[in-house]
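None of the values given here were measured: they were computed from a predicted structure.
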Amino acid sequence: MTDASAAFAAAFASEPTGRWAAPGRVNLIGEHTDYNDGFVLPFALQERVVAAAAPSPVPGWTVCSDFAPQPVTFTSTDLGAVEGWAAYVAGVVWALRDAGFEVPPARIAISSDVPVGAGVSSSAALESAVLTALVDLGGLDLPVAARPALAQRAENVYVGAPTGIMDQSASIRCEQGSALFLDCRSLAVEQIPFDLAAAGLAILIVNSNAPHRHVDGEYGARRRSCEEAARILGVPALRDVSPDELDEALTKLDDEVMRRRVRHVVTENQRVLDTVELLRAGRIREIGPLMTASHASMRDDFEITVPEVDVAVRAALAAGAYGARMTGGGFGGCVLALIDADRAQATTAAVERAYAEHGFTAPATWSATPGPGATRLA
């Protein structure tokens with residue numbers, strides 16, 4: 001990651017007013033439950049997007065980054081025409097203005113070490129860092145609790161990716177050393193202690209190197225199927241179907257694919273609640289089987305895994321992981337494995353051997369430590 005301050009100075013021949021950072025995230029458990037008004041349990045990564053910013057002396061917004069060679073400038077008159085990576089920045093400006101805020105003209109330099117296309121919400125981290133910077137620069141009265149919904153609106157409406165609110169909530173509201181238990185209906189949050197080191201454990205992240213994309217049709221198709229099922233079942237959202245009611249609900253659905261989608265969401269919500277109870281009791285190792293069951297549900301019922309992530313899960317479990325699952329929207333991305341801290345190297349080697357045997361591109365791995373949400377650095 002380049003230094004955002006140095007990038008700002010090089011691009012604009014001046015010093016930034018400050019630097020703001022927002023992290024990527026992984027979801028410990030609770031996949032595709034967010035847009036079904038359900039429960040999720042993400043935690044923030046140490047990897048983050050940093051935005052160095054300052055007020056602009058001229059109208060409009062100019063943004064540059066360490067992953068694109070040319071700066072992008074847009075004004076209020078051409079705000080709707082921004083494409084590519086800069087659309088996530090323009091989307092935040094648009095969403096703020098649409099909510100009635102006077103957004104300060106600004107110059108922004110972006111640096112990031114959040115992997116792109118790995119299912120760890122690099123887009124939400126970008127949106128959240130820019131949003132935090134603009135709120136501070138403009139002295140905008142936007143409470144922290146209200147910020148994830150605004151950032152989500154930027155991604156849903158402006159960018160066109162139909163994501164739920166989990167990613168932005170995690171990037172903005174997570175705390176160091178905790179997982180964020182989020183009720184996606186009420187938006188109530190609870191910080192759940194997740195001290196892996198004290199338990200002698202680690203979360204190994206395996207980047208499958210099978211990139212995913214949310215703007216394509218598959219993610220949207222899953223969401224539409226869930227919404228249609230809720231309509232048929234006469235409930236506001238699939239969150240309102242309890243595990244005890246699941247069998248009866250499935251008999252009301254004629255489409256086998258839709259039945260599988262519903263089964264995943266209902267059982268996944270319960271897995272989140274069970275995981276939270278175990279973590280509250282300090283029983284971290286015991287969440288492993290719930291993670292593995294979550295992966296099986298994503299593979300068989302929601303059908304969002306790919307061979308690379310399935311192989312990584314199997315290899316991690318064979319190497320002794322307590323549990324393993326894909327994280328993120330699916331169709332690629334990362335796998336989480338809950339392991340003893342001293343098993344990181346051995347687990348990584350096992351996954352690498354399995355990848356080589358299948359002819360896959362070698363994965364990238366690292367250990368994740370729950371980090372803080374969006375903040376001003378200086």
Side-chain angles (χ1 to χ4, degrees), residues 25-44 145 148 163-170 173-175 177-196 199 201 203 222-223 226-227 229-230 233 235-250 259-302 304 313 321-330 336-338 368 370:
R25 68 95 189 98
V26 290
N27 192 22
L28 186 60
I29 199 163
E31 228 60 75
H32 288 264
T33 50
D34 54 352
Y35 56 78
N36 287 291
D37 281 2
F39 307 101
V40 293
L41 192 64
F43 65 89
T163 57
I165 201 169
M166 174 182 66
D167 297 348
Q168 292 82 6
S169 295
R173 304 195 69 182
C174 276
E175 294 182 2
S178 296
L180 186 79
F181 178 38
L182 171 65
D183 181 331
C184 295
R185 171 170 287 167
S186 70
L187 302 185
V189 301
E190 179 184 350
Q191 303 293 338
I192 305 297
F194 193 46
D195 192 343
L196 292 161
L201 298 170
I203 288 285
R222 299 305 187 279
R223 182 166 186 162
C226 291
E227 291 168 349
L233 295 172
V235 294
L238 292 183
R239 177 249 183 79
D240 298 294
V241 180
S242 72
D244 290 341
E245 299 166 333
L246 177 58
D247 287 344
E248 181 182 354
L250 296 181
R259 286 196 289 267
R260 292 200 299 270
R261 305 297 187 251
V262 170
R263 184 165 53 229
H264 166 74
V265 173
V266 174
T267 59
E268 185 79 345
N269 271 321
Q270 188 60 50
R271 283 187 287 269
V272 176
L273 298 176
D274 293 344
T275 298
V276 167
E277 287 303 310
L278 288 171
L279 292 182
R280 285 175 178 151
R283 296 156 61 186
I284 300 179
R285 281 176 177 81
E286 295 177 47
I287 73 172
L290 292 166
M291 296 172 63
T292 304
S294 172
H295 184 81
S297 183
M298 289 187 288
R299 182 192 63 216
D300 300 334
D301 281 343
F302 225 64
I304 55 174
V313 166
Y322 294 100
R325 66 183 293 272
M326 187 197 73
T327 186
L336 304 183
L338 178 65

Visitor: Testing the 3.5 Å rule here: is there a donor-acceptor pair between the side chains of R271 and T275?
Guide: no

Visitor: Should the ring pair H32 and H264 be called parallel, tilted or perpendicular, given that the plane angle runs from 0 to 90° and is split at 30 and 60?
Guide: perpendicular

Visitor: Would you confirm whether D240, through its side chain, and A237, through its main-chain N or O, come within 3.5 Å as a donor-acceptor pair?
Guide: yes

Visitor: How long is the straight-line distance from CG of L238 back to CG of N269, given to the nearest 0.5 Å?
Guide: 8.5 Å

Visitor: Going through the checks in order, is the side-chain contact (heavy atoms from CB on, under 4.5 Å) test met by M326 and I304?
Guide: CA-CA 9 Å; M326 187 197 73; I304 55 174; 3.7 Å; yes

Visitor: Can you measure from CG (D34) to CG (D183) and round to the nearest 0.5 angstrom?
Guide: 11.5 Å

Visitor: When rounded to the nearest 0.5 angstrom, what distance separates CE in M291 from CD1 in I29?
Guide: 7.5 Å

Visitor: Is any side-chain heavy atom of S294 closer than 4.5 Å to one of E268?
Guide: yes

Visitor: Run the salt-bridge test on R25 and D167 with the 4.0 Å N-O cut-off and return the result as yes or no.
Guide: yes

Visitor: Does any N or O in the side chain of E31 come within less than 3.5 Å of the main-chain N or O of T327, such that one atom is a donor and the other an acceptor?
Guide: no

Visitor: Side chain of Q191, backbone of R173: donor and acceptor closer than 3.5 Å?
Guide: yes

Visitor: Can you see which heavy atom on S169 is nearest to which on P148, and at what distance?
Guide: OG-CB, 3.5 Å

Visitor: Got a second to check how far E227's CD is from N36's CG, nearest 0.5 Å?
Guide: 7.5 Å

Visitor: Testing the basics here: between L41 and I192, what is the closest heavy-atom pair and its distance to 0.1 Å?
Guide: CD1-CG1, 4.2 Å

Visitor: Looking at side-chain heavy atoms only, is the closest gap between R261 and F302 below 4.5 Å?
Guide: yes

Visitor: Ignoring hydrogens, what is the shortest heavy-atom contact between F43 and A179? Give both atom names and the distance.
Guide: CB-CA, 4.0 Å

Visitor: Starting from the C-alpha separation in whole Å, work towards a yes-or-no answer on side-chain contact (heavy atoms from CB on, under 4.5 Å) for C184 and T33.
Guide: CA-CA 8 Å; C184 295; T33 50; 5.9 Å; no

Visitor: How close do M166 and P42 get, counting heavy atoms only, and between which atoms?
Guide: CG-CG, 3.9 Å

Visitor: Rounded at 0.5 Å granularity, tell me how far CD in E175 sits from CG in L180.
Guide: 8.5 Å

Visitor: Start with the C-alpha distance between D301 and R259, add both sets of side-chain angles, then the distance that settles side-chain contact (heavy atoms from CB on, under 4.5 Å), and finish with yes or no.
Guide: CA-CA 8 Å; D301 281 343; R259 286 196 289 267; over 6 Å; no

Visitor: Does E286 have any salt bridge (charged side-chain N to carboxylate O under 4.0 Å, His left out) partners at least two apart in sequence or in another chain, and if so, which?
Guide: R283

Visitor: Less than 4.5 Å apart, any side-chain heavy atom of L28 and any of F194?
Guide: yes

Visitor: State whether the side chain of E190 and the backbone N or O of F181 hold a donor-acceptor pair below 3.5 Å, judged by distance alone.
Guide: no

Visitor: Closest approach of C226 and V265, non-hydrogen atoms and distance?
Guide: SG-CG2, 4.0 Å

Visitor: Are any non-hydrogen side-chain atoms of E245 and V266 less than 4.5 angstrom apart?
Guide: no

Visitor: Find the distance between CD1 (I284) and CG (L196) and round it off to the nearest 0.5 Å.
Guide: 5.5 Å

Visitor: Looking only at non-hydrogen atoms, find the nearest pair between A229 and V262 and report the distance.
Guide: CB-CG2, 3.5 Å

Visitor: Checking R222 now: which residues fulfil salt bridge (charged side-chain N to carboxylate O under 4.0 Å, His left out) with it, not counting sequence neighbours?
Guide: E218

Visitor: Decide side-chain contact (heavy atoms from CB on, under 4.5 Å) for L201 and Y322; before the verdict, give the C-alpha distance in whole Å, the side-chain angles of both, and the deciding distance to 0.1 Å.
Guide: CA-CA 10 Å; L201 298 170; Y322 294 100; 3.7 Å; yes

